[in-house]
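Below you'll find the structure, written out as structure tokens, and then a few comments.
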Number of protein chains: 2
Amino acid sequence: MDKRDRILKAALELFNQYGFDNTPTARITKEAGVATGTLFNYFKNKEELINVLYLTCKESLTRRLSLGLEQETTFKSKLKRIYINYIGWSLDHTEEFLFFQQFCNASCIGETTRKEGLSKFNNIMELIAEGIEQEIIKKVNLDYMSNLLMGILNANTYYFIDNPSLAADAVFLETSFNFLWDSIKN
Amino acid sequence: MDKRDRILKAALELFNQYGFDNTPTARITKEAGVATGTLFNYFKNKEELINVLYLTCKESLTRRLSLGLEQETTFKSKLKRIYINYIGWSLDHTEEFLFFQQFCNASCIGETTRKEGLSKFNNIMELIAEGIEQEIIKKVNLDYMSNLLMGILNANTYYFIDNPSLAADAVFLETSFNFLWDSIKN
DNA sequence: AATCAAATTGACTAATCAGTCAACTGTATT
DNA sequence: AATACAGTTGACTGATTAGTCAATTTGATT
């Protein structure tokens, strides 16, 4: 792993544990095993570091979300695939998931970064819009629907992270998806 | 309003806007119109200040949640009352709601404070447990259920805060509750 | 071996901030 | 008027930290 990656990895863990402002850059570089100055060779400043981290994580997540999506034929099965991919990614990348939860609304993430991150969800938003149009799910504002879906999704994910053994339990995974589905289905 | 209250109010707004570590105590006292030393007459240190703030807000919320609850007779109507009270409180106390969202898991809130805050929800947890026992709502782990309920509740609340005009719309309020109810009902 | 550029280093600086404390103020009591 | 005292003040201190930069190392090329 090159120095840039080691810095990103150390920053991820330390930002999660201590927060952005309570993590000295000296601590990050020490954890990464490089000199304090090296961080500023790869990143203009501490803010750029966390913004790069944000986009890197988001990209990793969105790649995972579309995995196997083309095989699914119905709206419900597509949504379920996304649901399972989201939880799977979060269990495989717990640090990254928790990083999002903590920093998705933090002011150290710039407006540009946030928008770039959101745009990666465009195709999912389109899928949901279709579901509403075709009256498969309840007819409400798209903003409302996506907001609610994220709320349910994250609540479930937190639970699976706290109880990782349940994630292997296909029955419970199905049950948990039904909480989401029953909420929105027409 | 006495100086203590002015300090709490200023801290609430500034912590929300800039975060705990990015809010100098000097800024809080300036906003409150008192000297920098005065903060430390009322609070041992900056951490005690945010912990007191947390418990003060939580108490205000829990008082509101039980408002008119005794008039409701069925499980569903009780839950709906709590739902409406929660959203109503959050709209009346947006700063306090956002404070919770930002700091409920922050490390500056002590373990003791967090436990004391959680205990205020005990009677609501009991209500939910009854709903499960009586098979009115789906049979799952109480932790899972409360986690999911909070997720749906907060997602809805965020939406109402962003679209305050909708909160006066009784039909939409009903619709939004049905997303929650349909998710959990048996 | 000699040369050069790019990467890396870590001591250092300028700035910031939590909390202290000696001095001051206003009010109550005698 | 004198005394006492709780509340308030804000200049100050010791500690911390983001970012700099001149010196050093590395590794490729001739």
Side-chain angles (χ1 to χ4, degrees), chain A residues 1-57 99 102-103 105-114, chain B residues 1-57 99 102-103 105-114:
Chain A
M1 196 157 48
D2 72 3
K3 299 199 180 195
R4 198 183 115 108
D5 285 344
R6 294 217 307 271
I7 291 169
L8 282 169
K9 185 168 182 286
L12 176 66
E13 286 164 13
L14 291 168
F15 286 161
N16 271 350
Q17 188 166 5
Y18 303 104
F20 182 71
D21 294 304
N22 267 329
T23 303
T25 53
R27 182 96 191 261
I28 297 171
T29 53
K30 192 182 169 192
E31 195 78 18
V34 299
T36 64
T38 305
L39 192 153
F40 298 97
N41 295 336
Y42 290 107
F43 307 97
K44 201 175 75 226
N45 51 38
K46 201 181 170 187
E47 276 214 353
E48 186 181 293
L49 168 62
I50 198 171
N51 278 273
V52 167
L53 200 49
Y54 182 85
L55 285 180
T56 307
C57 290
F99 176 80
Q102 185 171 359
F103 294 103
N105 290 313
S107 62
C108 48
I109 304 292
E111 209 47 51
T112 318
T113 303
R114 211 185 303 280
Chain B
M1 197 155 50
D2 72 3
K3 300 196 178 194
R4 199 183 114 107
D5 286 344
R6 294 216 309 272
I7 291 169
L8 282 169
K9 184 167 182 289
L12 176 66
E13 287 164 13
L14 291 168
F15 286 161
N16 272 351
Q17 188 165 4
Y18 303 103
F20 182 70
D21 294 304
N22 267 328
T23 303
T25 53
R27 183 96 189 261
I28 297 171
T29 53
K30 192 183 169 190
E31 194 79 17
V34 300
T36 64
T38 306
L39 192 153
F40 298 96
N41 295 336
Y42 290 107
F43 306 97
K44 198 175 76 223
N45 51 38
K46 203 181 170 188
E47 276 214 352
E48 186 180 293
L49 168 62
I50 198 170
N51 279 273
V52 167
L53 200 49
Y54 183 85
L55 285 180
T56 308
C57 290
F99 176 80
Q102 187 171 358
F103 293 103
N105 289 314
S107 62
C108 50
I109 304 292
E111 209 47 50
T112 319
T113 303
R114 210 184 304 280

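Within every chain, numbering begins at 1; the chains are lettered A, B, ... in the order of the sequence lines, protein sequences first and strands thereafter.
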Bounded by its outermost nucleotides with an atom under 4.0 Å from a heavy atom of chain B, the footprint on DNA chain D reads D:dT8 to D:dA11

Looking at B:Lys44, does any N or O in its side chain come under 4.0 Å of the phosphate oxygens OP1/OP2 on C:dA18?
-> no

In whole angstroms, the gap separating C1' of C:dC17 from CG of A:Asn22 amounts to 13 Å

* To do: Indicate yes or no: at least one non-hydrogen side-chain atom of B:Ile7 is less than 4.5 angstrom from one of B:Ile28.
  => yes

So do the side chains of A:Leu49 and A:Leu8 get within less than 4.5 Å of each other, counting heavy atoms only?
yes

From CD1 of B:Ile28 across to P of C:dC17 the rounded distance in Å is 11 Å

Rounded to whole Å, the CG-P distance (B:Asn45 to C:dT20) equals 8 Å

Practice problem: Kindly say if A:Thr36 contacts the phosphate of C:dG10, meaning a side-chain N or O under 4.0 Å from OP1 or OP2. | Solution: no

Tightest non-hydrogen contact, residues B:Lys46 and B:Thr23, listed as NZ-O, 2.9 Å

To the nearest angstrom, the OH-C1' distance between A:Tyr42 and C:dA7 comes to 7 Å

Separation of C:dA18 atom P from B:Ile7 atom CD1, nearest Å, is 14 Å

- Message: So B:Ile50 and B:Phe99, do their side chains get closer than 4.5 Å, heavy atoms only?
- Response: yes

B:Phe40 CZ to C:dG19 P, in whole Å, measures 5 Å

In whole angstroms, the gap separating P of C:dT9 from CG of A:Asn41 amounts to 9 Å

Criterion side chain to side chain contact (heavy atoms under 4.5 Å, CB included) on A:Asp5 and A:Lys9, from CA distance to verdict: CA-CA 6 Å; A:Asp5 285 344; A:Lys9 185 168 182 286; over 6 Å; no

Here DNA chain D, pairs taken as Watson-Crick or G-U under 3.5 Å and shown with ( ), [ ] when crossing and | when to another strand, reads ||||||||||||||||||||||||||||||

Atom CG of B:Leu14 and atom C1' of C:dC17 are separated, to the nearest Å, by 15 Å

- prompt: Quick one: are B:Phe15 and B:Gln102 in side-chain contact, heavy atoms under 4.5 Å?
  reply: no

*asked:* Do B:Phe40 and B:Thr25 make a side-chain contact, defined as non-hydrogen atoms from C-beta onward lying under 4.5 Å apart?
replied: yes

Separation between CZ (B:Arg4) and CG (B:Leu39), nearest 0.5 Å, reads 11.0 Å

For A:Glu48 and A:Tyr42 the tightest heavy-atom approach is OE2-O, 4.0 Å

Query raised in the report: Heavy atoms under 4.0 Å, any strand shown: does A:Thr23 hit a base, just sugar-phosphate, or nothing?
Result: sugar-phosphate

